[in-house]
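The analysis underlying the following values was restricted to heavy atoms, covering all of them including side chains, and did not include hydrogens, waters or symmetry mates. All ligand and atom numbering here is 1-based and tracks the order in the structure. Every value quoted in this text rests on a predicted model; they were computed, and no experiment measured them.
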Amino acid sequence: MALSLFLLVIGFCILNITLALIILNKDIETTRGMLYPRESETREVRALDGIWNFVRSDEANPTQGIRDGWFNDDLSKSMPTIPMPVPASYNDITTEQALRDHVGTVWYDRKFFVPRSWGQHQRVWLRFGSVHYEAFVWINGQSAIKHEMGHLPFETEVTHLLKYGAENRITVMCDNALIQTTVPQGKISEVANDQGVTIIQSYTFDFFNYAGIHRSVHLYTTPKTFIEEVEIKTNLSEDNSVGTVNYSIAVNGTAANEADNTLYARLQLYSREGILVANATSDSKLLGSLKVENVKPWWPYLMHPDPGYLYELEIKLYAAKEQLLDVYRLSVGLRTLSWNNTSFLINGKPVYFRGFGRHEDADVRGKGLDNALMTRDFNLLKWIGANAYRTSHYPYSEESMQFADQHGIMIIDECPSVDTENFNQVLLDKHKSSLEQLVHRDRNHPSVVMWSIANEPRTGQLNADTYFQFVANFTRSLDSTRPITAAIAVPSKDDKAGRHLDIISFNRYNAWYSNTGRLDMVTQRVINEATAWNYKYDKPVIMAEYGADTLEGLHLQPSYVWSEEFQAEVFSQHFKAFDALRRQKWFIGEFVWNFADFKTAQSYTRVGGNKKGVFTRARQPKAAAHLLRQRYFALGREMDKCNLPSDLFTYIADVGSNVQHDSSDL
Ligand code: GCB
């Protein structure tokens, strides 16, 4: 009897484990619309950015505001409020530790006027650039939209919720809690403290879980029937002289549903100089293509004297009898991408990536959109001669994607999956949704050259194989024009995901996390590991992270960990490996970790945050920045014949033999 009970229990356990391992490739809900809000003859845009009212909920009672209906009236009628800037993370705005480390819900509200004119013959939309992590939104006390997933936009129509020619109220509840089924994952636990118990949010990823309304909030109008979706795919003739812009447009609105009302679009493509270079009239399916003779292709920075060349596509939607309904304009860069098992090409030319892993992170504003910081960052990227970065470890702002298009900076566009483990069905569905939202948002950016479907997932685990097969194939089904990668940190022999990728990226910290301080244990190990990855999968390989924490101003000779000298020497040891690997055609890029210092959760390995930046958090160069600059320009010179900046080398001495420091030193 005891034995049969024992067997029953064992059987039950096995069944449970098997069920937990089974993950299905389910359909997920797809997003619609969400074109970046732009003014035109037929559209108005208004930002709701500014100072909002803010309440931090009681951590022990996170749903109190919902139960007590805080959204039914001004927040200040329910709770004392404090001022809170939007966009910004809320964590570092006050001096309170309780707000910095808050776990759970917070509330925002503000008032705004809607002009009377908006109430007639048009529709009004409310759009958030991003709220981390989950958002619940009310307009005048009525539920408007809910959205889960940080770093990605969401929108809804609010025409019916607004009061026209009158004051309105918007209320947002934001929840930052990360659990095993959120992307990224985290854990919430109750831990004893000196007063009783406290709620702790823990996570394994290495950046601070900043939260709040991180990007702009917009109201915008559209006509009743309007351009809802635009998808652009470009092509070039073999000699790059003729370009094709293939477009597909989707329309939303009553006119689109009337069978006898044939809609069509007229498209005009203008050069940067404002000259009309191509035009077309679509069929009633709103599909078609434009041909551009003597095209100026989109090239990455330093790969061409005129990088980031963008055309402007003007789309006019018409109903029968030439009735103009809607106008939308977007930038278009014409380029081709192709890849095989040894290379990655843009416009038929092999690319070698010289870039960074980055973060959206700054003092005070956290992950809040900051145009001054973003502009400075692009100036630094160009100063240092980088041609690429990875949006580690989540999608970056749409404004930065537009900048990357304009400056010719190639983007490896990463979804918010980081350190993913304990693969399960809910997680898979959300992971796929994050990629669907990302691809939908970014598919028209010429700067996006690759999708990264995860950072350092635990791809040695049993069901990582199926899980990443589903995620990679799903991403491919959304966009077959770009290769797929993931930044992997498990040893290549244990990895089960790489076979589903097109390009292998790996992260490794030689002389830092392994063999700390040993500069003589870097070069050969990097060569061996890159070679092992290539040997296992026969695909192009990128080193997506390497580096060393460096305290600005700490100088030690001989070099010692944390010093500026050590960072420069770690880089130099890697450069030797990269140069050896570059001779193997399949090694296609080097990405330093990190562009700038950034904040992390508190830990005894972090002095005020992660200090692996080449720039400080205030965006000033450390010593290694100058070294990296010389290398990145040297690579640009060698591969793409770029010009060198006149201040790349500092005059040192005239020692009689007319010693000159210039490109011949490279
Ligand atoms: C990594 C992670 C990155 C960390 C970095 C580090 O492998 O991908 O998020 O910040 O290491 O500095 O530890």
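Taking 4.0 Å as the cut-off between side-chain N and carboxylate O, Arg582 and Asp579 count as a salt-bridged pair.
Of all protein heavy atoms, the one lying nearest to atom 2 (C) of ligand 1 is Glu545 OE1, 3.2 Å. In this structure, atom 4 (C) of ligand 1 lies nearest to the protein heavy atom Asp206 OD2, 3.2 Å. Shortest contact from atom 12 (O) of ligand 1 to any protein heavy atom: Lys612 NZ, 2.5 Å. Scanning the protein for heavy atoms near atom 7 (O) of ligand 1, the closest one is Glu456 OE2, 2.2 Å.
Within the structure, ligand 1 lacks Trp512 among the residues with a heavy atom less than 4.0 angstrom away. Note on ligand 1: Tyr513 sits in its first shell, one or more heavy atoms being nearer than 4.0 Å. Residue Tyr509 places a heavy atom less than 4.0 Å from ligand 1. Using a non-hydrogen distance threshold of 4.0 Å, Arg606 registers as a contact of ligand 1.
A donor-acceptor pair shorter than 3.5 Å cannot be found between the side chains of Glu414 and Tyr396. With no hydrogens or angles considered, no side-chain donor-acceptor pair links His132 and Tyr394 at under 3.5 Å.
Relative ring orientation between Phe154 and His147 is described as parallel, the plane-to-plane angle staying below 30° on a 0-90° scale split at 30° and 60°.
Among the atoms of His359, none of the N or O lies under 3.5 angstrom from an N or O of ligand 1.
Applying the 4.0 Å criterion to heavy atoms of Asn455 picks out, from ligand 1, the atoms 8 (O).
Among all heavy-atom pairs drawn from Ala386 and Gly355, the shortest one is CB-CA, 4.4 Å. What you find for Glu398 and Tyr36 is that their closest heavy atoms are OE2-CD1, 3.6 Å.
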